[in-house]
Amino acid sequence: MGLLEDLQSRILIGDGATGTLLYSHGIDSCFEELNITKKEEIQRIHRAYVEAGADVIQTNTYAANYQKLARYGLEDAVKDINISAVRIAKQAAKKDAYVVGTLGGIRSFQKNAISTEEVKRSIREQLFWLLNEGVDGLLFETYYDFEELKTVLSLARKETSKPIITHVSLHDIGVLQNGTSLYDAFQELESLGADVVGLNCRLGPSHMIQSLEEVPLLDRAFLSAYPNASLPAYVEGKVEYATNQDYFVESAKAFRNQGVRLVGGCCGTTPAHIQAMSQALKHEKPIAQKKVKIRPVVEIKEQEQTKEPHLHDLVKERRSIIVELDPPKQLGPTKFLDGAKALHKAGVDAVTLADNSLASPRVSNLAMASLMQQQTDARPLVHITCRDRNLIGLQSHLMGLHTLGINQVLAITGDPSKIGDFPGATSVYDVSSFDLISLIAQFNEGLSYSGKPLGQKTNFSIAAAFNPNVRHLDRAVVRLEKKISCGAHYFITQPLYSTKQIEEVYEATKHLDAPIYIGIMPLTSARNARFIHHEVPGIKLSEDILARMDATGEDRIKGEVEGLAIAKDLIDTAYELFNGIYLITPFLRYEMTEILTRYINDKQLVTTERKN
């Protein structure tokens, strides 16, 4: 009799955690490498679970793929690690348990860091060796990215007719990260060929049971659940889980009442937990029907209408100027607010506020944007970096912006902390700029990162960064296309210092629907020009521009005048090709960007008069 045939008539017990069990024993390295270096230890764990009552054990191969093993320099050991893992598990199982080959999710928060093709290559390689060693089935577990799970399931189903178990992982009760309900996800997995569908990791028994209360029994696939022992606690530098075996007796019965036919454990569970569930379900039969709890629908209010058109809409209709004015490095907002007032009076459509640019601390751009909104009529465009906030902080920040009525944002990676004033500070980077754009777009649908309704759709206009100062412009354009697919509405470039380069950018991007604001930053002195040319990555000034600035010597006034003249030449070219111009204020010298703003507006006035 096979695994699926067994599930037709009885509830099977899975095993528990391997990684957290090893961690509790003081092992904090690549757990999958132990399939080669400490075979006896892994076999002992497998056998302990079998003796505790497990009918199904999984190979110690959760992260035994190319992508994850590469973190330890073990990418060439995929074959040996997977082969050894299956053989160890089989020796431990004897004839007492089924052995399923485990393949863990590869993507984490930074979904875009690993392409779908790279995921396929890694999983295909691991699949080959697991199937070649004759596992009784496959288990895909800990998948937060539903698209990734569907991709690998489809791939595996073409490779084998053996039973496939698929487990999604939830951040919140009953809903996937993309807002899909758990039942809809299970139906989709069933349609793609999964024989068993269920949950593992992240949630303890209580929240997992609540999630399953909303899931009817499926037409063909069986339900499974592998909960964590509890929520983790951080004690004296170590992650610990509650030892609550008795609680798992009650939980096992509750899972059975929700139609689960394969129940095991994930993080923090031990042979004692598995033994508790095995004893609880020893004489229980699986249910054939269940009453489903209907969760009340949470209303998501539509986006609030903005008083002014979004910048990405505005720039499609007419010429548009935005100006970057960095928040101050020292306390006191007066000069900044004076600059914002002057720039608004000069005719800019928005004042952009960097987020601790060059990894140096400044007054919070959220605070300055709020003050600017209260005390001037200038419109704030707030930069958001991935560097300074984790996934919790980013979502809190976005909710705060929305609450304050600030809806123009620029999503960027952010300069690494090591280049700033505090090189010992850590950079967070929970997400990439692509993921941050996707997150903001998801907020615009009224969903948090976990897929939980926010109660209201946000109304962010999402700008993204474009760096044309690269050797291969075509590759940079591919990144733009990817950002558009993630939800970016328009782009803002780094400063350009060549009319030829502006023309090249136009030719390379004219096929895109998303508007582009061309960055112009006036030079202030010969020293400033040399610094940018020699020390700012990716930017090179022409010999003509360097000579023009060198001719101003140490004279500050002459330096500013010449810098403005060069900037006007660049604006003349950008004006003919792009509707959007992004002026970057150097060293809070807003008088320079005020002059350039009036120059652009005067050009527009002349153009309009000629047409009339």
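Computed from heavy atoms alone, side chains included, the values below leave out hydrogens, waters and symmetry copies.
The local environment of NZ in K290 is crowded, with over 12 non-hydrogen atoms from other residues, nucleotides or ligands closer than 6.0 Å. Crowding of R220 atom CZ: a count of heavy atoms from other residues, nucleotides or ligands under 6.0 Å exceeding 12. D474 CG: more than 12 foreign heavy atoms inside a 6.0 Å radius.
Panel note: side chain E445, backbone A441; no donor-acceptor pair is recorded below 3.5 Å. Remark: the backbone N or O of V50 is not paired with any side-chain donor or acceptor of D96 at under 3.5 angstrom. The backbone N or O of A63 lies less than 3.5 Å from a partner atom in the side chain of E32, making a donor-acceptor pair. Between the side chain of N228 and the backbone N or O of C267, at least one donor-acceptor pair lies under 3.5 Å. With hydrogens and angles disregarded, no donor-acceptor distance shorter than 3.5 Å links the side chain of Y62 to the backbone of F31. A donor-acceptor contact shorter than 3.5 Å is absent between the side chain of S448 and the backbone of L454. Using modelled atom types, one side-chain atom of S485 and one backbone atom of K482 make a donor-acceptor pair closer than 3.5 Å. Between the side chain of E5 and the backbone N or O of G2, at least one donor-acceptor pair lies under 3.5 Å. A donor-acceptor pair under 3.5 Å is absent between the side-chain atoms of E188 and the main chain of A185, judged by distance alone. T151 contributes a side-chain N or O that, together with a main-chain N or O of E147, makes up a donor-acceptor pair within less than 3.5 Å.
Residue pairs that meet the side chain to side chain donor-acceptor pair (under 3.5 Å) test with at least one member in residues 68-86, sequence neighbours left out, are N82-Q126. For residues 127-145, every residue pair satisfying the side chain to side chain donor-acceptor pair (under 3.5 Å) rule, not counting sequence neighbours, is listed here: R87-E133, R107-D145, T142-N200.
How far OG1 of T116 is from CD1 of I106: 10.5 Å, rounded to the nearest 0.5 Å. Rounding to the nearest 0.5 angstrom, the gap separating the CE atom in M277 from the OG1 atom in T269 is 7.0 Å. The structure places OG of S224 at 7.5 Å from CG of L199, a figure rounded to the nearest 0.5 Å. Once rounded to the nearest 0.5 Å, the distance linking CG of L212 with CD1 of I173 reads 11.0 Å. Put simply, CG on N244 and OG on S251 are 7.5 Å apart, with the number rounded to the nearest 0.5 Å. Atom-to-atom distance recorded for L223:CG and L7:CG is 10.5 Å, nearest 0.5 angstrom.
The heavy-atom pair separating A252 from A280 by the smallest distance is CB-CB, 4.2 Å. What you find for Y226 and G14 is that their closest heavy atoms are OH-CA, 3.4 Å. What you find for A92 and R47 is that their closest heavy atoms are O-NH1, 2.7 Å. The shortest non-hydrogen separation linking A194 to T166 is CB-OG1, 3.6 Å. Of all heavy-atom pairs between S122 and Y66, the closest is OG-CB, 3.6 Å. Contact between Y429 and T413 at its shortest, heavy atoms only, is CE2-O, 3.3 Å.
Contact annotation: the side chain of L394 approaches that of I384 to within less than 4.5 Å [non-hydrogen atoms, C-beta and beyond]. Looking at I209 and S206, their side chains never come closer than 4.5 Å, going by heavy atoms from C-beta outward. Inter-residue side-chain proximity for I440 and V409 is flagged as met; some heavy-atom pair is nearer than 4.5 Å. Counting only heavy atoms from C-beta outward, the side chains of Q8 and F222 approach each other to under 4.5 Å. Residues P227 and F248 have side chains in contact (heavy-atom distance under 4.5 Å, counting atoms from C-beta outward). The side-chain heavy atoms of V100 and L130, taken from C-beta on, include no pair separated by under 4.5 Å. A heavy-atom distance below 4.5 Å is found between the side chains of I13 and L281. Side chains of V428 and C386 form no contact here, defined as non-hydrogen atoms less than 4.5 Å apart.
A salt bridge is absent between D6 and R261: the closest approach of a Lys/Arg side-chain nitrogen to an acidic carboxylate oxygen does not fall below 4.0 angstrom. Salt-bridge check for D355 with R387: failed, with every basic side-chain N at 4.0 Å or more from each acidic carboxylate O. In this structure, K457 pairs ionically with E302, as a charged nitrogen and a carboxylate oxygen lie closer than 4.0 Å. Taking a cutoff of 4.0 Å between a charged side-chain nitrogen and a carboxylate oxygen, R202 and D172 do not qualify as a salt bridge.
Under the side-chain contact (heavy atoms from CB on, under 4.5 Å) rule, R157 has a single partner from L192, I164, L138, which is I164.
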Q | Test log, rule side chain to side chain contact (heavy atoms under 4.5 Å, CB included), inputs Y49 and L21 | A | CA-CA 12 Å; Y49 280 121; L21 199 57; 4.0 Å; yes

Q. Would E481 and H511 count as a side chain to side chain contact (heavy atoms under 4.5 Å, CB included) if you check the C-alpha gap in whole Å, the side-chain angles of each, and the deciding distance to 0.1 Å?
A. CA-CA 10 Å; E481 293 169 343; H511 65 287; 3.0 Å; yes

Q: Apply side chain to side chain contact (heavy atoms under 4.5 Å, CB included) to V175 and L182, showing your working.
A: CA-CA 5 Å; V175 65; L182 185 58; over 6 Å; no

Q: Kindly indicate, with the supporting measurements, whether the criterion side chain to side chain donor-acceptor pair (under 3.5 Å) is fulfilled by T458 and N444.
A: CA-CA 4 Å; T458 59; N444 280 350; 2.7 Å; yes

Q | E214/Y183 under side chain to side chain donor-acceptor pair (under 3.5 Å): CA gap, chis, key distance, verdict | A | CA-CA 7 Å; E214 302 167 14; Y183 178 46; over 6 Å; no

Q. What do the steps show when you test F443 against Q395 for side chain to side chain contact (heavy atoms under 4.5 Å, CB included), and what is the final call?
A. CA-CA 9 Å; F443 265 56; Q395 293 182 88; 3.9 Å; yes

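Side chain to side chain, D15 and Q58 meet the donor-acceptor criterion of an N or O pair below 3.5 Å. Using a 3.5 Å distance cut-off with no hydrogens or angles, the side chains of D435 and S438 do not pair a donor with an acceptor. Using modelled atom types, one finds no donor on one side chain facing an acceptor on the other under 3.5 Å when comparing D430 with N390. With 3.5 Å as the limit, one finds a donor-acceptor pair spanning the side chains of S417 and S427. The closest side-chain donor-acceptor pair between H46 and E51, if any, does not fall under 3.5 angstrom.
Ring centroid separation for the pair F140 and H167 does not come in under the 6.0 Å cut-off.
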